[in-house]
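The structure under discussion appears below in the form of structure tokens.
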Amino acid sequence: MKKVHPDPKAALDGLLHDGMTIMAGGFGLCGIPDELIAAIQASGVKDLTVISNNAGVDGVGLGKLLETRQIRKMISSYVGENKEFARQYLGGELEIEFNPQGTLAERIRAGGAGIPAFYTKTGYGTQVAEGKETKEFDGHHYVMERGLFADLAIVHAYQGDTEGNLIYRKTARNFNPMMATAAKVTVAQVEHLVQPGELDADFIHTPGIFIKRIIHVPVREKQIEQRTTRKRKDAAPAAAGGGAV
Amino acid sequence: MKKVHPDPKAALDGLLHDGMTIMAGGFGLCGIPDELIAAIQASGVKDLTVISNNAGVDGVGLGKLLETRQIRKMISSYVGENKEFARQYLGGELEIEFNPQGTLAERIRAGGAGIPAFYTKTGYGTQVAEGKETKEFDGHHYVMERGLFADLAIVHAYQGDTEGNLIYRKTARNFNPMMATAAKVTVAQVEHLVQPGELDADFIHTPGIFIKRIIHVPVREKQIEQRTTRKRKDAAPAAAGGGAV
Amino acid sequence: MAWTRDQMAERAAKELQDGFYVNLGIGIPTLVSNYIPDGMTVQLQSENGMLGMGPFPYEGEEDPDLINAGKQTITALPTTSYFSSSDSFGMIRGGHINLSILGAMQVAQNGDLANWMIPGKMVKGMGGAMDLVAGVKKVVVVMEHVAKNKDGSESAKLLKSCDLPLTGTQVVDMVITDLGVFTIDKHGEGGMTLVELADGVTEGEIKAKTEGAFAVALR
Amino acid sequence: MAWTRDQMAERAAKELQDGFYVNLGIGIPTLVSNYIPDGMTVQLQSENGMLGMGPFPYEGEEDPDLINAGKQTITALPTTSYFSSSDSFGMIRGGHINLSILGAMQVAQNGDLANWMIPGKMVKGMGGAMDLVAGVKKVVVVMEHVAKNKDGSESAKLLKSCDLPLTGTQVVDMVITDLGVFTIDKHGEGGMTLVELADGVTEGEIKAKTEGAFAVALR
């Protein structure tokens, strides 16, 4: 069983069809499978439903697939950084299903773990609970959410071996591990491709069973969405909080 | 916030009361928090409900608490290795709730993750589904299972830092990571206690937020339940399969 | 003399306790980390998958693989751990985070919160806000007391009930505005109580600028 | 001439395919790994949290932290990864394991399986068996064709319906006994079909020792 493919196009060969559902890892531009996205753009496949926390920025990441109008629907938690997205959305060309970020993560994790549905407090009594079953447990109210499973998942990892075992780096991990488990076929792009035994078995984030195909992507300049720094003269370190709202 | 305590007794001080629910990590005798179990035995606390995949063997692990009749009820998936357990169970002194192993693991994971209930195919149409809600999704039948949350969880890790970040070793990981998340208070015993920064942040299995108290336990001879080996002259490696049934 | 943004952040920092795990939203909440008292240990969680968030990096040391939930480059600390989004929100939803400090468009007297969308405007999404307010033990809102409209008029933000789409129902424990501090008995019948006034602000001024009902129990 | 335990394991090994991820139960299923064809790569999963299970260790090299689901000491391979019990059963329940080979007390013609308890006897628990049969794509049972009772009589194990408490309903795809091989159309109406005879075994002998209805389509 050869999992290693020479390039993104080869790794996606035979997997793409119009109308399919694709999960794409990453948070903002951090840890996105950009080379695989570019290959999907090049393939011309269309009417895609894409499950991804964000929608990239204009011309970068999933922004590429928006430019070429290959996406029909997004399932995301936050899409604020993309003008082309806003244009298509307001023009009615693009459908969007907003999920709370934790609900989205859990739905994907559930889909991969054979859990068809679960209950969460998140969103109870809000728009996102409309039309969904609710249930009371121990005096609290919960919304039922369904697992998500895609035709294809594309993920980005720092290291991977030829068996498909993956290790992610820092906050580039984000949605990648769950998505790797929640699709008929998962394709991984890795910055460093090594032989089995070179990764420590205790520290593998995604076991190879979840990865059907893997490609090595040359290390290149990664993009930064919000470059924030402090001056070296700063006495007291500045804060670095900052959630999505 | 000092998390480090000098010994098991100190680490459990003020946490124990009759009738409480305790989760104990480990699979068989692998990765069990034996020193903390011994301290619970010494405390004399009784009428315990213990959630643990197995019940130890006679006089070892949870077998200690069975000997002293401190356990009223077990929630487990397999308890085959313990004569004292069998004696108390057949004598009606001990209550047992069997959960399929994966359902048990998922119930604990759910309890720690704020999921009050989820659906699983496991056990549909069998005794374990009796009295539970069932539901059909996409033509398949599922059983609703509830999350589990304990008063106290005790776990064993290979490495831990003073912040409570933990790393487990090989198959001694098993139930420990989920249990660490699913109790009001979690106490960890670690073989190697280090300073923050000594563990690689990418490879921490249990973030310190889940660990309220931590103790260093001196490395000692670990017990083996089924010592199976092959002779060095073996040409073809023998098999090493073997599930619980 | 209403409080400045920094004074609001300083006031919010008084809700911190040693050993707390805290999630800070963008805007004023981010400033709270500047006011963590010396000797107090607080770990900041970033919901994209990190516990133990450090300060912004020095120029030239930005790491594209190390960002916070606002997509800003940050740094790690010796206590830092990384995890997946599902583990991160398990942590949040499971009630393991002690305190969430975040901004709001509207808060109702029963603790309802609206901070993610305005009908008719481009909706960007709720991100992790709905999970945070539903899951974190204590939720503190820091916001301007009133909204300034384009025509120069002002609209109350502390309301009898929110008219914007909700982020969560009965989720807010405390509201810190530029004019004062309110507590909310979100699970009980206690309603909203004004407990502190900003320097030079009167009960009368707050009364005039607050639509929601509140008791007064200044401390 | 019925098949021996090793011949049954050898037959079960024919269900393996290159690249498969497989979970093997205790007893005869464990022997299957001795018959993995040369050049074929199969990764064995152990449900206590390991993928890529190696052979038993050499004497003196046992590691108490490295055991399989039968609590036996084992070894790792270069491909090995370790994970938690919840991740392990996520893998199982999520349908990621290609094949599970396990023992049984009874199998019904519709694919129902009983292998975890006998009423009146000490119950040890189902361990991971219920999750495996519910979650794994293909479930192969390897068992003796009949049970030998204490009084010397024999009881059928391939039944119209199981009378022992079930491990799973409509879960078995194939049954390999010492007398032959059956396929079961577990989700459809196709029922059970005898597809292979052990050397020297006749249809008549199988008919006499099988309570469940089956078609015959020897190949």
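Chain letters run A, B, ... following the sequence lines, proteins first and then strands; every chain starts at 1. Hydrogens, waters and symmetry mates play no part in the numbers below; they use all other heavy atoms, side chains included. Here the structure is a predicted model, which is why all the values come from computation and not from measurement.
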For residues [X] and [Y], determine if any side-chain heavy atom of one lies less than 4.5 Å from a side-chain heavy atom of the other.
X	Y	result
A:N99	C:M126	no
A:T126	C:T167	no
C:D65	A:T171	no
C:L166	A:Q127	no
C:K124	A:F85	no
A:Y78	C:K71	yes

Donor-acceptor pair, distance only, cut-off 3.5 Å: does the side chain of [X] make one with the backbone of [Y]?
X	Y	value
A:R173	C:Y82	yes
C:T169	A:G125	no
C:S84	A:P177	no

Between [X] and chain C, which part of the residue has a heavy atom less than 4.5 Å away: side chain, backbone, both or neither?
X	result
A:R109	side chain
A:Y158	neither
A:E221	neither

Which answer fits [X], side chain, backbone, both or neither, if we ask what part of it has an atom under 4.5 Å from a heavy atom of chain A?
X	answer
C:V22	neither
C:P57	both
C:E61	side chain

Assess A:R230 against C:F56: is NZ or CZ under 6.0 Å from the centre of the six-membered ring, and within 45 degrees of the ring's axis?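 Verdict for C:F56: no cation-pi partner in A:R230.
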
What's the separation between atom [atom1] in [X] and atom [atom2] in [Y], rounded to the nearest 0.5 Å?
X	Y	atom1	atom2	result
A:F98	C:M130	CZ	CE	10.5 Å
A:L29	C:I67	CG	CD1	7.5 Å
C:N48	A:N53	CG	CG	9.0 Å
A:K231	C:E59	NZ	CD	5.5 Å
A:Q101	C:I92	CD	CD1	8.0 Å

Could you tell me whether [X] atom [atom1] has more than 12 heavy atoms of other residues or ligands within 6.0 Å of it?
X	atom1	result
A:E84	CD	yes
C:D38	CG	no
A:K83	NZ	no

Tell me, out of [options], who's got the most heavy-atom pairs with chain C below 4.5 Å.
options	result
A:E225, A:R169, A:K121	A:R169
A:A55, A:G123, A:G80, A:P100	A:P100
A:G31, A:S76, A:G28, A:S77	A:S77

Locate the shortest heavy-atom distance separating A:E106 from C:S86; write the atom from each residue and the value.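 A:E106 and C:S86 have their closest heavy atoms at OE1-CB, 4.4 Å.
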
How far apart are the closest heavy atoms of C:E62 and A:T228, and which atoms are they?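 Taking every non-hydrogen atom into account, CG-O, 4.4 Å.
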
Between C:T73 and A:Q226, does a side-chain contact (heavy atoms from CB on, under 4.5 Å) hold up when you go through it step by step? CA-CA 6 Å; C:T73 46; A:Q226 305 279 344; over 6 Å; no

I'd like to verify something: which residue of C:L66, C:V171, C:I36, C:T80 has the highest number of heavy-atom pairs under 4.5 Å with chain A?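 Top option by heavy-atom pairs under 4.5 Å: C:L66.
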
Between A:N174 and C:S85, do the side chains contain a donor N or O and an acceptor N or O under 3.5 Å apart?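 No, because no side-chain N or O of C:S85 sits under 3.5 Å from a partner of the opposite role on A:N174.
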
